[in-house]
Amino acid sequence: MKIAVCIKQVVTREWQVRVNDDKTWVKDGDASWELNEPDAYALEEALRLKEKHGGEVVVISAGPSRATQVIREALARGADRAIHVDGDVFATADAFVAADALAAALKDEQIDLVLTGLQSDDQGFAQVGVILAEKLGMAHSTIIMEVQVEGTTLKVKRELEGGWFQWISMPLPAVLTIQSGINQLRYATLKGIMAAKKKEIKVVAAGATGAARQKITSVYVPQKSKQTRMIAGTPAEAAKELVRALREDARVF
Amino acid sequence: MKLLVIAEQKDGILNRASWEAIGAAQTTGQEVKVAVFGSAAHAAAAAAELKAADVAEVIAAGHAALEVYTADGFTQAVVALVTDESPTHVVFAHTYQTRDYAPRVAARLDRAIATDVIAVKEGPVYVRQMFQGKVNADVVLEGPAPHVVTLQIGSFRIDDLKKGAGAPVRAIEAKVDASRIRQKAEAPFREAKQAVDLTQAERIVSVGRGIKAPEHIELAKQLATAMNAELSASRPICDAGWLPMERQVGSSGQTVSPKMYLALGISGAIQHVVGMKGSKTIVAINKDPEAPIFEIADFGIVGDLFEIVPAIINELK
């Protein structure tokens with residue numbers, strides 16, 4: 001089975017987001033970067049499916065050259081080879097642009113199963129996997145918590161709202177978007193890191209990208225919808241004032 | 001402008017978020033139609049509820065192949081109706097079902113889509129959250145109509161819904177080629193026994209990534225006991241197995257609205273906030289002063305929870 005995993009490099013969750021000077025994006029020149037968390041779970045799921053059924057895991061990322069970092073990491077964790085669609089445009093691209101680029105790079109790869117995270121930590125569209133499925137003509141399902149492959153049939157557990165789930169079957173090839181927590185992540189071993197250096201990263205220039213459908217006109221820190229009373233002081237002082245406020249002002253006890 | 005709202009039903013019962021989408025569409029002052037898809041009986045039952053809204057028409061689009069939701073079935077049916085009705089905007093509530101197929105509808109129509117929109121400004125300009133809710137972005141959609149828009153649940157108020165004298169209902173047969181539906185869906189089920197009903201709790205202490213290690217859960221438990229509160233968690237804590245799934249608050253867990261919700265080391269990602277923003281008093285304790293949780297908190301303390309929590313427990317004694 002040939003599995004493609006679409007990954008994205010995003011700023012780390014701890015990084016302090018600052019809006020850039022022309023208020024169209026964030027000042028990420030000094031940011032630290034990591035593999036988008038749901039994509040890490042998608043990669044792990046692909047590695048487990050390969051261990052069970054054999055085949056190949058190909059990671060693919062549409063991103064600027066800095067995305068090499070997460071591609072190397074994915075190879076170190078066990079992916080067999082990588083495709084990097086390299087272009088600065090992908091740093092802020094909408095889901096159509098990203099899905100177009102991924103579809104073009106994957107269409108001749110004879111992929112059986114495409115996995116990706118359900119959404120990214122940056123723009124959070126939750127669209128790329130689904131649009132990619134349409135562009136590749138594959139069936140899809142989203143927010144997946146378990147994947148079983150039986151021959152050419154896929155059986156997946158889809159998460160619904162409020163603690164409900166549902167089993168869905170579909171034929172391969174297919175695209176699944178993976179929910180965080182589907183498995184326990186592995187981390188790269190020293191051996192994996194060394195092995196990754198010999199693995200192939202095919203770099204494809206972005207070329208003419210598809211038309212953007214969404215334009216960001218302004219980025220800003222949200223206005224508070226509530227008056228928040230920030231309680232300062234030492235831990236003991238803050239604790240004392242909080243308990244007093246909860247008792248006397250908010251009357252929660 | 002001509003808006004088509006796609007309502008959502010399950011077994012003939014309307015998803016309440018559909019009312020929010022209709023109310024939001026009504027605020028444009030333009031023509032609004034509502035369509036609901038399902039088996040003929042389910043679509044008709046939901047339409048009977050929907051006609052209370054002040055809208056131009058309710059379309060009950062029924063087909064046996066739509067009895068159970070599938071991405072392929074619903075994509076075909078919605079694309080066909082949008083093509084027939086040619087609205088300028090197709091509006092959904094951003095439910096898990098919408099997330100599953102609305103992008104595919106947009107891709108098949110080859111039209112723009114904005115997902116998880118929290119507000120709409122003149123233009124229309126859509127407001128979306130980015131970077132886990134740390135910033136908002138104003139976005140415009142490009143290219144020809146229709147544009148597809150999905151609205152974050154809870155961002156548009158049901159109170160804004162205008163009721164009417166009874167909208168006309170038109171039952172149609174949805175256009176679906178059942179042989180082109182690839183997914184086979186089984187009946188939904190619940191995994192956890194839901195032994196813990198957080199929705200009834202008056203006070204909740206909830207832990208997030210800031211708790212750092214499973215051995216620290218005990219500290220949160222002590223605080224919950226001191227506050228006579230239930231203990232809950234954000235998703236990563238349950239994913240890691242530090243607390244059972246049944247104690248998860250958020251879009252994939254329980255939705256709660258207690259008198260007090262104390263968020264301990266929870267940054268406030270959208271998926272968590274939708275499950276607790278209805279709480280009466282929200283307290284946030286976090287080391288990051290820019291954590292989005294402070295946006296919705298009534299009381300906030302910036303600092304090390306491992307110092308602050310013992311101090312609170314001590315204060316409550």
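Values in this document were obtained by computation on a predicted structure and should not be read as measured data. Residue numbers start from 1 in every chain, and the chains themselves are labelled A, B, ... in the order their sequence lines are given, proteins ahead of strands.
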B:Arg128 portion near chain A, given a 4.5 angstrom heavy-atom threshold: side chain
Do the side chain of A:Gln166 and the main chain of B:Glu186 share a donor and acceptor less than 3.5 angstrom apart? yes
Hey, which of B:Ile313, B:Val283, B:Ile285 has the most heavy atom pairs under 4.5 Å with chain A? B:Val283
Highest number of heavy-atom pairs under 4.5 Å with chain A: which of B:Thr70, B:Thr281, B:Ile113, B:Thr255? B:Ile113
Any side-chain heavy-atom pair from A:Ile168 and B:Tyr69 closer than 4.5 angstrom? no
Of the listed B:Phe294, B:Phe131, B:Tyr126, the one with the largest count of heavy-atom pairs under 4.5 Å with chain A is B:Phe131
Would you indicate whether the side-chain heavy atoms of A:Glu134 and B:Asp110 approach each other to under 4.5 Å? no
Chain A heavy atoms under 4.5 Å from B:Asp116: which part of the residue, side chain, backbone, both or neither? neither
Region of B:Glu202 in contact with chain A, defined by heavy-atom distances below 4.5 Å: neither
Looking only at heavy atoms and a cut-off of under 4.5 Å, which of B:Arg111, B:Gln97, B:Met260, B:Arg108 has the most pairs with chain A? B:Arg108
Quick test of your reading of the model: are B:Lys134 and A:Asp121 salt-bridged, counting only N-O distances below 4.0 Å? no
Is chain A contacted by the side chain of B:Val309, its backbone, both, or neither, given a heavy-atom distance below 4.5 Å? neither
Under 4.5 Å heavy-atom distance to chain A, tell me which part of B:Val68 shows up: side chain, backbone, both or neither. side chain
Quick one: what part of B:Glu290 sits under 4.5 Å from any heavy atom of chain A, side chain, backbone, both or neither? side chain
Walk me through it: do A:Thr142 and B:Tyr101 pass the test side-chain contact (heavy atoms from CB on, under 4.5 Å)? CA-CA 9 Å; A:Thr142 57; B:Tyr101 82 107; over 6 Å; no
Does the A:His140 side chain pair with the main chain of B:Asp72, one donor and one acceptor, at a distance under 3.5 Å? no
Could you give me the CA-CA distance, side-chain angles and deciding distance for A:Gln179 and B:Arg235, then say whether side-chain contact (heavy atoms from CB on, under 4.5 Å) is met? CA-CA 11 Å; A:Gln179 171 67 292; B:Arg235 182 168 189 120; 3.0 Å; yes
For the pair B:Glu315 and A:Arg247, find out whether any cationic side-chain nitrogen is under 4.0 Å from an anionic carboxylate oxygen. no
Test item: B:Arg99 and A:Leu118 side chains (from C-beta on) under 4.5 Å apart, heavy atoms: yes
Looking at B:Arg209, B:Gln248, B:Lys259, which has the largest count of heavy-atom pairs under 4.5 Å with chain A? B:Arg209
Which atoms of B:Arg203 are under 4.5 Å from chain A, going by heavy atoms: the side chain, the backbone, both sets, or neither? side chain
